[in-house]
S.K.: 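Below are the structure tokens for one structure; questions will follow.
Start at 1 and go down the list; that is how both ligands and their atoms are numbered.
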Amino acid sequence: MTNSELPSTFDEPIDLAIIGGTGLYNLACLKPVAVLPPMQTPWGLTSSPITISVVIGGANKFTVAFVSRHGVDHEYPPTKVPFRANMAAIKRLQAKAVLSFSAVGSLQEHIKPRDFVLPQQLIDRTKGIRASSYFNEVGLVGHVGFGNPFSKSFADFIYQFKDVLENQDAPEQPCLMHYDPETTVVCMEGPQFSTRAESKMYKMFGGDIINMSVIPEAKLARELELPYQMVCMSTDYDAWRDHEEAVTVNAVFGHLANNGRNANALAARIIQEMAKEIPEFMKTGDGLTGTAKMSIATKKDVMAPETLDNIRFLFPEY
Ligand SMILES: CSC[C@H]1O[C@H](OP(=O)(O)O)[C@H](O)[C@@H]1O
Ligand SMILES: Nc1ncnc2[nH]cnc12
């Protein structure tokens, strides 16, 4: 059956949401059972249809939803991705966690192109022009904690499968997965890449890798109480190495095929293991359950009916 012949509705809650980035417009390791058309949310339409797949693991059924961040034909630049719609749709489908993939530049010698990184910290260098919150309205003010922007439990889970990575063209130079509590991703505005001076400044800040899309995705996931981990796939050394050409899109594209294969292998293992037994952090909410409600400072009595409808779109139980 081709994707266009599949049902366009799916009525069960999903377990895991996966967001694909540059070069990862679908996951070949998944067998779709439904393709939902781009979902209308109070924050607009999602950037792509949502592909639903079901995996059987022993006695369990495990459901995955896939969204393409930039659209299936890469129509949305990082500044204009409908991040709030994408994340609202994922929440509406009742995902228990979000696994996000991103192509990144490396700010450190030891992180080579084709290596993967599980960042645990981030530095926001976007320019305030992206809608980055559900709780930043007159009549709805909320301040969620963001000290630890990623899910350590999820990163620990993913790191178990570090050995699935392969370098197909140069097996003697294996692809590594880097993971420690200080590993930091810088998120810049784009769409232009950084200047050499900016790239060196980000290194001085303590950045290890750089992309254009972890903000506001990670912030919105936190507001939605969703455990969120980004798997960063290195494609270049950005612009800080004076003796080398600064990053170009051609350099990035040169590594996308290998990174895409590794993303599929990694996602397949993660899904297989989750289907056998849903990890504890997905069952319990990773300590995030109830944090959004606690963060809202505005009194409910003064909220407009439309505001309450939007909150209920995200949190039907509130
Ligand atoms: C084409 S290189 C720059 C582009 O790649 C990354 O996209 P994504 O995070 O969606 O994989 C980066 O964030 C930029 O948007
Ligand atoms: N050098 C870079 N800067 C920002 N985003 C990127 N995505 C891939 N490489 C990048």
Side-chain angles (χ1 to χ4, degrees), residues 17-27 46-48 66-83 86-87 98-109 111-119 122-127 129-130 132 149-150 184-203 205 207-221 228-242 244-264 266-267:
I18 302 184
I19 301 175
T22 298
L24 202 66
Y25 306 104
N26 59 50
L27 274 179
T46 58
S47 54
S48 77
F66 180 87
V67 183
S68 171
R69 180 181 295 122
H70 300 281
V72 281
D73 298 311
H74 208 124
E75 311 92 285
Y76 294 92
T79 309
K80 295 186 178 154
V81 170
F83 286 104
N86 287 354
M87 298 304 288
V98 181
L99 171 63
S100 167
F101 286 95
S102 171
V104 302
S106 167
L107 299 172
Q108 301 295 340
E109 198 73 51
I111 301 174
K112 10 177 244 315
R114 303 191 178 193
D115 282 0
F116 279 24
V117 185
L118 302 174
L122 69 79
I123 295 173
D124 180 1
R125 289 283 301 167
T126 59
K127 296 186 173 157
I129 58 179
R130 304 180 184 192
S132 296
F150 298 99
T184 300
V185 56
V186 176
C187 189
M188 59 173 294
E189 188 54 57
Q192 302 86 355
F193 290 115
S194 306
T195 63
R196 290 192 185 277
E198 286 165 339
S199 193
K200 289 172 195 168
M201 176 182 73
Y202 296 142
K203 274 173 73 63
F205 281 1
D208 295 298
I209 47 177
I210 181 162
N211 75 2
M212 304 178 191
S213 48
V214 66
I215 295 291
E217 227 172 67
K219 287 185 173 174
L220 298 171
Y228 173 90
Q229 183 59 48
M230 182 169 260
V231 174
C232 293
M233 307 181 288
S234 168
T235 53
D236 54 84
Y237 276 114
D238 201 44
W240 56 274
R241 286 168 130 203
D242 284 327
E244 268 187 8
E245 200 191 347
V247 56
T248 61
V249 85
N250 281 347
V252 171
F253 284 177
H255 298 292
L256 289 183
N258 198 80
N259 286 354
R261 270 192 302 273
N262 280 335
N264 265 279
L266 184 61

S.K.: Is any side-chain N of the basic residue among Glu198 and Arg125 closer than 4.0 Å to the acidic one's carboxylate O?
M.R.: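 So Glu198 does not pair with Arg125 through a salt bridge.
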S.K.: Leu122 versus Phe150: any side-chain heavy-atom pair under 4.5 Å?
M.R.: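 Yes, at least one pair of side-chain atoms sits under 4.5 Å.
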S.K.: Would one find more than 12 heavy atoms of other residues, nucleotides or ligands at under 6.0 Å from atom CD of Glu245?
M.R.: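 12 or below, so no.
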S.K.: List ligand 1 atoms under 4.0 Å from Arg69, heavy atoms only on the residue side.
M.R.: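 The atoms of ligand 1 under 4.0 Å from a heavy atom of Arg69 are 8 (P), 9 (O), 10 (O), 11 (O).
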S.K.: Which protein heavy atom lies closest to atom 10 (C) of ligand 2, and at what distance to 0.1 Å?
M.R.: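 Atom 10 (C) of ligand 2 sits closest to the protein heavy atom Gly105 N, 3.4 Å.
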S.K.: Which residue supplies the protein heavy atom nearest to atom 6 (C) of ligand 1, what is that atom called, and how far is it?
M.R.: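 Here the nearest protein heavy atom works out to Ala103 O, 3.2 Å.
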S.K.: Could you find the nearest protein heavy atom to atom 13 (O) of ligand 1 and give me its residue, atom name and distance?
M.R.: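 I find the closest protein heavy atom is Met212 N, 2.7 Å.
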S.K.: Which of the atoms of ligand 2 are close to Thr235, meaning less than 4.0 Å from one of its heavy atoms?
M.R.: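 So the atoms of ligand 2 that pass are 8 (C), 9 (N).
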S.K.: Please confirm whether Ser102 comes within less than 3.5 Å of ligand 1 when only nitrogen or oxygen atoms on both sides are compared.
M.R.: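 Yes, Ser102 has an N/O under 3.5 Å of an N/O on ligand 1.
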S.K.: With heavy-atom distances below 4.0 Å as the criterion, list the atoms of ligand 2 near Met188.
M.R.: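 With Met188 as reference, the close atoms of ligand 2 come out as 4 (C).
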S.K.: Fit a plane to each ring of His70 and His74, take the angle between them on a 0 to 90° scale, and name the class: parallel (under 30°), tilted (30 to 60°) or perpendicular (over 60°).
M.R.: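 His70 vs His74 ring planes: parallel.
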S.K.: Do Ile123 and Tyr202 come within less than 4.5 Å of each other through their side chains, counting heavy atoms only?
M.R.: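 Counting from C-beta outward, Ile123 and Tyr202 never come under 4.5 Å.
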S.K.: Would Glu75 and Lys80 pass as an ion pair if we require N to O under 4.0 Å?
M.R.: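 The answer is no: the pair does not qualify as a salt bridge.
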S.K.: May I ask you to test the Asp242-Lys200 pair for a side-chain heavy-atom distance under 4.5 Å?
M.R.: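 Yes, side chains in contact.
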S.K.: Quick one: which ligand 1 atoms are inside 4.0 Å of a heavy atom on Pro78?
M.R.: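 Numbered from 1, ligand 1 contributes 15 (O).
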S.K.: What are the atoms of ligand 2, with element, lying closer than 4.0 Å to any heavy atom of Asp238?
M.R.: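 It comes down to these atoms of ligand 2: 1 (N), 2 (C), 3 (N).
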S.K.: Could you find the nearest protein heavy atom to atom 5 (N) of ligand 2 and give me its residue, atom name and distance?
M.R.: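 Ranked first by proximity to atom 5 (N) of ligand 2 is Asn211 CA, 3.4 Å.
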S.K.: Is the shortest distance from a Lys or Arg side-chain nitrogen in Lys219 or Asp124 to a carboxylate oxygen in the other one below 4.0 Å?
M.R.: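 Answer for the salt bridge query: yes.
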S.K.: State, yes or no, whether a side-chain contact exists between Asp236 and Pro113 at a heavy-atom distance under 4.5 Å.
M.R.: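 The answer is no, as the side chains (C-beta and beyond) never meet within the 4.5 Å cut-off.
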S.K.: Consider every N or O of Phe101 and every N or O of ligand 1, then say whether any pair is closer than 3.5 Å.
M.R.: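 No - when backbone and side-chain N and O of Phe101 are compared with those of ligand 1, no distance drops under 3.5 Å.
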S.K.: Can you list the ligand 1 atoms lying under 4.0 Å from a non-hydrogen atom of Ser213?
M.R.: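 Counting from 1, the qualifying ligand atoms are 8 (P), 9 (O), 10 (O), 13 (O).
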S.K.: Which residue and atom name correspond to the protein heavy atom nearest atom 10 (O) of ligand 1, and how close is it?
M.R.: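 Among all protein heavy atoms, the one nearest atom 10 (O) of ligand 1 is His70 NE2, 2.5 Å.
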S.K.: Answer with side chain, backbone, both or neither: which part of Ile210 has a heavy atom less than 4.0 angstrom from an atom of ligand 2?
M.R.: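 Both backbone and side chain.
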S.K.: Output the list of atoms in ligand 1 that are nearer than 4.0 Å to some heavy atom of Asn211, sorted by atom number.
M.R.: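 Contacts of ligand 1 toward Asn211, numbered from 1: 13 (O).
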S.K.: Considering only non-hydrogen protein atoms, determine which one is nearest to atom 5 (O) of ligand 1 and report residue, atom name and distance to 0.1 Å.
M.R.: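 The answer is Thr22 OG1, 3.0 Å.
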S.K.: Can a donor-acceptor pair be found, under 3.5 Å and without considering hydrogens, that links the side chain of Arg196 to the backbone of Arg241?
M.R.: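 Such a contact is found between Arg196 side chain and Arg241 backbone.
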S.K.: Does Asp236 approach ligand 2 within less than 4.0 angstrom via side chain, backbone, both or neither, non-hydrogen atoms only?
M.R.: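 It is the side chain that touches ligand 2; the backbone stays farther off.
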S.K.: Which residue holds the protein heavy atom closest to atom 3 (C) of ligand 1, what is that atom called, and what is the gap in Å?
M.R.: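 Protein heavy atom at minimum distance: Phe193 CE2, 4.0 Å.
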S.K.: Considering non-hydrogen atoms of the protein only, which is the closest contact for atom 7 (N) of ligand 2, and what is the distance?
M.R.: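 Its nearest protein heavy-atom neighbour is Ala103 O, 3.0 Å.
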S.K.: So how far is it from Ile215 CD1 to Phe83 CZ, rounded to the nearest 0.5 Å?
M.R.: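 The distance works out to 9.0 Å.
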S.K.: Any chance you could measure Asn264, atom CG, to Phe101, atom CZ, to the nearest 0.5 Å?
M.R.: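 Here the rounded value is 8.0 Å.
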